[in-house]
Amino acid sequence: KRTLRPLSQQSLCPLRVLDLGAGNGWLSWRVALDGHEALALDVRDDHVHGLGAAEAYLESVNGRFSRVVASFESLPIAAGGFDLVVFNASLHYALDLPATLREARRVTHAGGRIVILDSAFYAREADGEQMVTEKRRQAVARFGARADVLMSLPFIEYLTSARLEAASGQLGLEWIRHRVRYPLWYELRPLVARIRGRRAPSRFDLWEAMVS
């Protein structure tokens with residue numbers, strides 16, 4: 001609604017969309033159902049949460065959806081090939097935020113868009129760091145025997161507007177935040193956290209930048 005369809009209305013042909021951190025390919029499948037071409041990229045290719053789980057989607061989109069295994073920081077893709085590059089619930093898994101955004105910009109053509117959605121943003125760095133501390137402290141209880149493996153990679157884990165701007169400073173990306181309106185109880189979480197003396201919670205808004 002915010003990005004794909006407006007871009008589609010401006011274009012005379014189907015859009016090329018790069019889905020970074022695609023997981024099982026659900027977003028790419030939806031893009032392909034709308035008549036566009038989607039490339040789902042993820043570091044995992046297993047049949048649980050990786051690209052292998054996307055096989056069932058491929059049958060219904062007539063070749064408009066393809067897959068590639070790679071990391072964010074080194075995309076095996078030619079420059080300027082995509083109209084829209086999307087991080088859907090995935091950018092917080094980046095290991096190097098500036099390198100990841102640099103690659104995303106490189107493969108987006110002039111006038112195209114880079115979009116971030118469903119990644120945790122905090123107003124203050126301290127709240128994000130406290131979340132990471134809590135996550136590591138609770139890892140064994142949450143993940144059991146898999147805790148050491150799941151927590152072994154140094155993901156960035158969260159974002160702030162300052163982090164995003166600093167990582168984008170040399171790339172000419174100016175980010176626009178589209179605030180997602182949640183139910184009232186969700187919007188009241190910061191107030192409840194303050195009253196209870198807890199860290200401020202994250203938000204999951206949509207962030208968009210145009211590549212010039």
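As the structure is a computational prediction, the values presented were derived from the model and not from experiment.
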- Side chains of R113 and L7: does their closest heavy-atom pair fall under 4.5 Å?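 In contact.
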
- Taking side chain as C-beta onward, heavy atoms only, is L101 less than 4.5 Å from L164?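 In short, these two side chains touch, coming nearer than 4.5 Å.
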
- Message: Please check: side-chain N/O of D42 versus main-chain N/O of G23, any donor-acceptor pairing under 3.5 Å?
- Response: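 Present.
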
- Task: Kindly say whether L4 contributes a backbone atom to a donor-acceptor pair with the side chain of S8 at under 3.5 angstrom?
- Result: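 The answer is no, because no donor-acceptor pair under 3.5 Å joins these two groups.
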
- Please, which pairs that meet salt bridge (Lys or Arg N to Asp or Glu O under 4.0 Å) have at least one residue in residues 64-76, sequence neighbours excluded?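 Matches after skipping sequence neighbours: none remain.
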
- Going by the salt bridge (Lys or Arg N to Asp or Glu O under 4.0 Å) test, which pairs reach into residues 152-174, not counting sequence neighbours?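 Applying salt bridge (Lys or Arg N to Asp or Glu O under 4.0 Å) to every pair that reaches into residues 152-174, excluding sequence neighbours, yields E125-R163, E129-R163, K135-E157.
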
- Decide whether W175 and S161 meet the rule of one side-chain donor and one side-chain acceptor closer than 3.5 Å.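 Judged by distance alone, the side chains do not pair up.
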
Let me check something: any side-chain donor-acceptor pairs from residues 179-186 under 3.5 Å, sequence neighbours excluded? List them with distances.
{"residue": "R179", "atom": "NH2", "partner": "E187", "partner atom": "OE1", "Å": "3.2"}
{"residue": "Y182", "atom": "OH", "partner": "F204", "partner atom": "O", "Å": "2.9"}
{"residue": "Y186", "atom": "OH", "partner": "R189", "partner atom": "NH2", "Å": "3.0"}

- Query: Any cation-pi pair here, R203 with F121, using under 6.0 Å and within 45°?
  - Reply: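 Judged by the rule (NZ or CZ under 6.0 Å from the ring centre, within 45° of its axis), R203 is not positioned above F121.
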
- Query: To the nearest 0.5 Å, what is the distance between CG (L51) and CG (N24)?
  - Reply: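 Separation between the atoms: 9.0 Å.
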
- What about F72 and Y93, are their ring centers closer than 6.0 Å?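 When the ring centroids of F72 and Y93 are compared, they turn out to be at least 6.0 Å apart.
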
- Query: According to the interplanar angle, ranging from 0 to 90°, do the rings of Y158 and Y122 count as parallel (below 30°), tilted (30 to 60°) or perpendicular (above 60°)?
  - Reply: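 Perpendicular.
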
